[in-house]
Each structure stands twice: as C-alpha cells, then as structure tokens.
Amino acid sequence: MTETFTIAVDGPAAAGKGTIAKALAEHFGFAHLDTGLLYRAVGAKHLLGVDPAKASQTLTAEDLQGDDLRGPEVAQAASKVAVIPEVRAALLSFQRSFACRAGGAVLDGRDIGTVICPQANAKLFVTASPETRADRRFAELAAKGAATSRAQVLADVKERDERDQDRVEAPLKPAEDAIVIDTTELAIDDAIAAAIAVVEPLRVR
Ligand code: CDP
C-alpha cells in the first residue's frame with residue numbers, strides 16, 4: 001500500500017493509548033509511533049543535566065531505547081519538558097513525516113489530532129477515570145519490581161494530567177472531531193475492538 005492513512009490516538013496518562021495504538025497498527029498493518037517516548041527521552045536527558053531544547057534537537061534512535069524511560073521519574077520529567085515550546089517545535093517535523101509515511105501510521109500522544117496531524121483520517125481520544133488509570137499503571141510498575149505505591153502513582157498521574165491540560169502550547173484535549181473511548185469499564189480486548197470498530201468504516205470510504 002503506498003497511500004497514507006493516519007490514525008491519531010490521544011489521551012491522558014496511562015489510559016491505554018499505547019496498547020490500543022499498537023493493536024490498531026497490527027490490525028491494519030500500519031507503523032506505530034509512541035510519541036510519549038520522544039518526550040520521555042528528552043526528560044531523561046534533562047535529568048542528566050542536558051538542556052531540554054538542546055536534547056530535543058539532538059535526539060537519536062539510541063536515546064529512545066531502554067526500560068528506564070518507562071519509569072515515573074522520567075514521566076514527570078517528560079511532562080515538564082513538554083511545556084517548553086522549543087522542545088515541542090524540535091519534535092514536530094519528525095512526528096509529521098511519520099504521520100504521512102506511505103503504508104499508514106498510528107501515532108499516540110497528547111496533541112496528535114489537534115496539532116501534529118489535524119488532518120488525520122481517524123482520531124481517537126482514549127480516556128478512563130484517574131483511579132482506574134492509576135490502578136493499571138501501578139500494576140504495570142509493580143510487575144517490573146518498581147518501588148512505588150498506588151497512592152503515589154495516582155498523585156503522579158493527576159499531576160501530569162493537570163500540567164498537560166493547563167499548558168499553553170498543545171494542551172491535552174480531544175480534537176473536536178475525535179471519537180472518545182472511555183476504557184474505565186472496558187477490558188483491554190473490548191477497548192481494542194471498540195477502536196477498530198471506529199476506524200474500520202473510515203478505511204473503506
Ligand atoms: O504512557 P503515559 O500516558 O503515562 O505517558 P507518555 O505518553 O509516555 O507521555 C509522557 C509525557 O510526555 C506526558 O505526560 C506529556 O507531558 C508528554 N507528551 C506530550 O506532551 N505530547 C505528546 N504527544 C506525547 C507525550
């Protein structure tokens with residue numbers, strides 16, 4: 001397939017965006033980009049003392065590797081560097097080119113449907129209650145042996161949501177034409193099925 005088809009999957013922390021985006025990519029045979037990883041990589045470098053704008057301008061594929069990027073400390077650092085306009089600007093063109101790649105693309109993040117790819121063919125906004133999201137993230141982190149508590153994870157999720165929603169540049173919000181999928185009461189397989197059901201009819205038009 002040489003045509004382009006872009007699916008934007010946005011939503012707050014730990015809502016299941018990544019899992020849904022990955023499953024959509026697999027189902028439709030598209031490439032997947034976890035854009036949060038770009039901000040996490042910049043956040044991780046900042047924790048090591050690198051200027052965030054500089055870090056965002058010099059990111060390499062290698063910087064996106066490593067399990068350390070998935071931890072809560074890096075998540076907080078990511079949401080702090082994500083408010084900086086220079087950082088967002090530096091990461092824009094890579095994300096836009098990815099979105100327009102031949103063969104189809106799924107990008108998950110916070111501003112894909114609003115800023116990176118407002119012309120996306122399908123836009124999903126995946127959300128869930130903060131408590132449910134904290135439960136899921138806590139289970140993920142605990143399985144990896146991270147020393148944290150559910151209360152700490154809930155506080156972290158709420159703090160990041162607030163920062164992501166309140167920032168001036170590309171705040172977290174659903175695009176006007178996004179379909180909202182609330183996964184609070186949905187098992188992950190049902191959430192994936194709901195997402196596929198939204199996108200499938202748009203594919204055959
Ligand atoms: O996995 P989780 O939803 O917890 O976070 P993530 O998607 O890895 O994103 C980490 C942080 O990066 C978010 O809290 C946002 O501040 C920032 N981010 C952003 O500003 N724009 C994006 N497109 C993706 C992530």
Side-chain angles (χ1 to χ4, degrees), residues 8-21 33-57 59 63-64 66-92 94-96 107-118 123-141 146-176 178 180-184:
V9 184
D10 290 307
K17 301 178 300 292
T19 309
I20 289 175
L33 178 65
D34 168 3
T35 65
L37 210 50
L38 303 174
Y39 292 91
R40 284 174 181 261
V42 175
K45 287 210 155 183
H46 182 46
L47 289 175
L48 295 174
V50 182
D51 172 68
K54 179 114 209 271
S56 63
Q57 289 152 8
L59 270 193
D63 295 329
L64 306 180
D67 236 17
D68 292 357
L69 294 181
R70 299 284 173 195
E73 201 193 0
V74 173
Q76 279 294 348
S79 94
K80 287 178 187 164
V81 299
V83 307
I84 304 170
E86 288 83 354
V87 169
R88 306 203 71 85
L91 301 177
L92 190 86
F94 173 70
Q95 295 177 82
R96 281 211 175 132
L107 289 84
D108 72 269
R110 303 290 187 287
D111 62 340
I112 309 304
T114 51
V115 174
I116 301 297
C117 200
K123 295 183 188 177
L124 303 177
F125 191 86
V126 178
T127 189
S129 72
E131 289 72 20
T132 302
R133 291 187 282 122
D135 285 345
R136 291 176 187 159
R137 181 54 51 90
F138 176 61
E140 259 170 49
L141 292 169
T148 187
S149 66
R150 190 218 178 245
Q152 181 56 50
V153 174
L154 179 60
D156 173 79
V157 157
K158 285 184 169 172
E159 188 184 332
R160 277 200 295 138
D161 283 356
E162 232 165 76
R163 196 182 292 118
D164 291 349
Q165 283 158 358
D166 291 350
R167 69 183 175 219
V168 174
E169 194 91 2
L172 167 67
K173 62 172 181 199
E176 271 176 22
V180 177
I181 298 180
D182 188 325
T183 68
T184 307

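What's counted below: heavy atoms across the whole structure, side chains too, no hydrogens, waters or symmetry copies.
For the pair Arg96/Ile116, a side-chain contact is recorded, criterion being any heavy-atom separation below 4.5 Å from C-beta on. Between Thr35 and Phe94, the closest side-chain pair of non-hydrogen atoms is not below 4.5 Å. By the 4.5 Å heavy-atom criterion applied to side chains, Leu154 and Pro130 are counted as neighbours.
If you take CD on Glu131 and NZ on Lys158, they are separated by 5.0 Å, rounding to the nearest 0.5 Å. Atom-to-atom distance recorded for Arg160:CZ and Gln76:CD is 6.5 Å, nearest 0.5 angstrom. Once rounded to the nearest 0.5 Å, the distance linking CG of Leu69 with CG of Leu38 reads 10.5 Å. Taking CG of Leu59 as the reference point, atom CG of Leu91 lies at 6.0 Å (rounded to 0.5 Å). Here Leu64 contributes atom CG and Asp34 contributes atom CG; the two are 9.0 Å apart, rounded to the nearest 0.5 Å. Atom OG1 of Thr19 and atom CD of Glu140 lie 7.0 Å apart (nearest 0.5 Å).
The side-chain hydrogen bond (donor to acceptor under 3.5 Å, both in side chains) search around Ser56 returns none, not counting sequence neighbours. Residues satisfying the salt bridge (charged side-chain N to carboxylate O under 4.0 Å, His left out) criterion with Arg163, sequence neighbours excluded, are Glu159. In this structure, the side-chain contact (heavy atoms from CB on, under 4.5 Å) partners of Ala21, at least two apart in sequence or on a different chain, are Val9, His32, Val106, Asp108. With sequence neighbours left out, Lys45 forms a side-chain hydrogen bond (donor to acceptor under 3.5 Å, both in side chains) with Asp63. For Pro72, the side-chain contact (heavy atoms from CB on, under 4.5 Å) criterion is met by Leu141, not counting sequence neighbours. Applying the salt bridge (charged side-chain N to carboxylate O under 4.0 Å, His left out) rule to Arg40 yields no partners; only residues at least two apart in sequence or on another chain are considered. Scanning for salt bridge (charged side-chain N to carboxylate O under 4.0 Å, His left out) contacts around Lys17 gives an empty result, with sequence neighbours left out. Under the side-chain contact (heavy atoms from CB on, under 4.5 Å) criterion, Ala175 pairs with Thr114, Lys123, Asp177, Ala178, sequence neighbours left out. In this structure, the side-chain contact (heavy atoms from CB on, under 4.5 Å) partners of Glu162, at least two apart in sequence or on a different chain, are Asp166. Residues meeting the salt bridge (charged side-chain N to carboxylate O under 4.0 Å, His left out) test with Glu73, sequence neighbours left out: none. With sequence neighbours left out, Thr132 forms a side-chain hydrogen bond (donor to acceptor under 3.5 Å, both in side chains) with Ser129. Annotation: side-chain hydrogen bond (donor to acceptor under 3.5 Å, both in side chains) contacts of Asp135 (sequence neighbours excluded): Arg150.
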Under the criterion salt bridge (Lys or Arg N to Asp or Glu O under 4.0 Å), I'd like the reasoning laid out for Arg167 against Asp111: C-alpha separation, chi angles, the key distance, then a yes or no. CA-CA 12 Å; Arg167 69 183 175 219; Asp111 62 340; 5.4 Å; no
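Listed here is the closest heavy atom pair of Ala128 and Ala15: N-CB, 4.5 Å. Closest of all the heavy-atom pairs between Tyr39 and Gln95 is OH-NE2, 3.9 Å. Heavy atoms only, all atoms of each residue included: Val115 and Pro118 are closest at O-CD, 3.5 Å. Scanning all heavy atoms of the two residues, the minimum distance from Ala8 to Gly113 falls at CB-N, 3.7 Å. In terms of heavy-atom proximity, Ala55 sits nearest to Val42 at CB-CG1, 4.1 Å.
None of Lys80, Arg88, Arg110 except one satisfies the salt bridge (Lys or Arg N to Asp or Glu O under 4.0 Å) rule with Asp164; the exception is Arg110. Shown are Asp161, Asp182, Asp156; of these, the salt bridge (Lys or Arg N to Asp or Glu O under 4.0 Å) with Arg133 is made only by Asp161.
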